[in-house]
Amino acid sequence: MTTLGMLIIALALAPVAVAQRAQNNTDEALNARNAPDLFVYKASAFGPDVKQNSNFTIEVGNTGKKVSSAIEWEYDSPEAIAGYGHHLKFRSADLKLGPEAKKKLTREVHHYTDRFVTSFNLSTVRILRVEYDDGPVWQRPADDK
């Protein structure tokens, strides 16, 4: 009986998961968060801890042919998008991400609420700048929100 119940729950939740994935992966959403040759696969957060610090993690993958040496990425809380919340920028200067490689990047943020942390997801993250080992730089245009 327990197995049947779990199967029914899984089947009931499957359309919700597919709908969420589809919403995060429209062409518009993909272009808004990713960079040429660098793709954000996952975004997760945990915290706050006893000191009210939280951690944000993204998993990025190099889909190009060059080594990415550094990345700048940002988190816009839903309130920031509306004009009154938090906007955070992060830089990973020691990325060294080769072609077809993936890496998790975690950054600590200080003194944030549960709501601030739980709103962190793929739709609130985007890559701003990518530096390559051989010198070139890709940067998101300033008006590209």
A.B. asks: How far apart are the closest heavy atoms of Leu97 and Gly61, and which atoms are they?
C.D. replies: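 Shortest heavy-atom separation between Leu97 and Gly61 comes out as CD2-C, 4.0 Å.
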
A.B. asks: Could you measure the distance from the CG atom of Leu128 to the CZ atom of Arg140? Nearest 0.5 Å is fine.
C.D. replies: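 If I round to the nearest 0.5 Å, the distance is 6.5 Å.
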
A.B. asks: To the nearest 0.5 Å, how far apart are CZ in Arg129 and CD in Gln139?
C.D. replies: 5.0 Å

A.B. asks: Does one hydrophobic cluster hold both Leu30 and Tyr41, with members joined at side-chain heavy-atom distances below 4.5 Å?
C.D. replies: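 Yes; tracing contacts between hydrophobic side chains, which count when under 4.5 Å, links both residues.
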
A.B. asks: Can you list the steps and then say if Lys104 with Val60 is a side-chain contact (heavy atoms from CB on, under 4.5 Å)?
C.D. replies: CA-CA 6 Å; Lys104 289 185 180 181; Val60 294; over 6 Å; no

A.B. asks: Heavy atoms only: give me the nearest Glu131-Val137 pair and the separation to one decimal.
C.D. replies: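 Taking Glu131 first and Val137 second, the nearest heavy atoms are CG-CG2, 4.0 Å.
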
A.B. asks: What heavy-atom pair brings Ser119 and Thr124 nearest, and what distance separates the two atoms?
C.D. replies: O-CG2, 3.4 Å

A.B. asks: Among residues at least two apart in sequence or on other chains, which ones pass side-chain contact (heavy atoms from CB on, under 4.5 Å) with Ser44?
C.D. replies: Thr57

A.B. asks: How close do Ile127 and Asn34 get, counting heavy atoms only, and between which atoms?
C.D. replies: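 Between these two residues, the closest heavy atoms are CD1-CA, 4.2 Å.
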
A.B. asks: CG of Asn62 to CG of Leu95: how many Å apart, nearest 0.5 Å?
C.D. replies: 8.0 Å

A.B. asks: Nearest 0.5 Å please: distance from the CG atom of Leu38 over to the NZ atom of Lys103.
C.D. replies: 11.5 Å

A.B. asks: Looking only at heavy atoms, which two atoms of Ala43 and Leu122 are closest? And how far apart?
C.D. replies: CB-N, 3.8 Å

A.B. asks: Are Val67 and Trp73 joined in one hydrophobic group, where the rule is that I, L, V, M, F, W and Y side chains link up if heavy atoms are under 4.5 Å apart?
C.D. replies: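 Result: no, two separate clusters.
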
A.B. asks: First locate atom CG of Asn55, then atom CG of Asp49, and finally report the distance between them rounded to the nearest 0.5 Å.
C.D. replies: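 Reported value, rounded in 0.5 Å steps: 7.5 Å.
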
A.B. asks: Go through Leu88 and Phe56 one step at a time and tell me if the side-chain contact (heavy atoms from CB on, under 4.5 Å) criterion holds.
C.D. replies: CA-CA 11 Å; Leu88 301 174; Phe56 292 158; 4.0 Å; yes

A.B. asks: Minimum heavy-atom separation for Ala70 and Ala93, please, with both atom names.
C.D. replies: CB-CA, 3.9 Å

A.B. asks: Indicate yes or no: at least one non-hydrogen side-chain atom of Glu108 is less than 4.5 angstrom from one of Ser54.
C.D. replies: no

A.B. asks: Would Lys65 and Asp37 count as a salt bridge (charged side-chain N to carboxylate O under 4.0 Å, His left out) here? Give the steps.
C.D. replies: CA-CA 8 Å; Lys65 298 183 192 250; Asp37 302 334; over 6 Å; no

A.B. asks: Identify the residue among Lys89, Arg126, Arg107, Arg91 that makes a salt bridge (charged side-chain N to carboxylate O under 4.0 Å, His left out) with Glu74.
C.D. replies: Arg126

A.B. asks: Are side-chain heavy atoms of Val109 and Phe90 found at a separation under 4.5 Å?
C.D. replies: yes

A.B. asks: Rounded at 0.5 Å granularity, tell me how far CD in Glu28 sits from CZ in Arg33.
C.D. replies: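 Rounded to the nearest 0.5 Å, the CD-CZ separation comes out at 11.5 Å.
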
A.B. asks: Quick one: side-chain contact (heavy atoms from CB on, under 4.5 Å) partners of Asp134, sequence neighbours excluded?
C.D. replies: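 With sequence neighbours excluded, Asp134 shows a side-chain contact (heavy atoms from CB on, under 4.5 Å) to Lys66, Tyr132, Pro136, given in chain and number order.
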
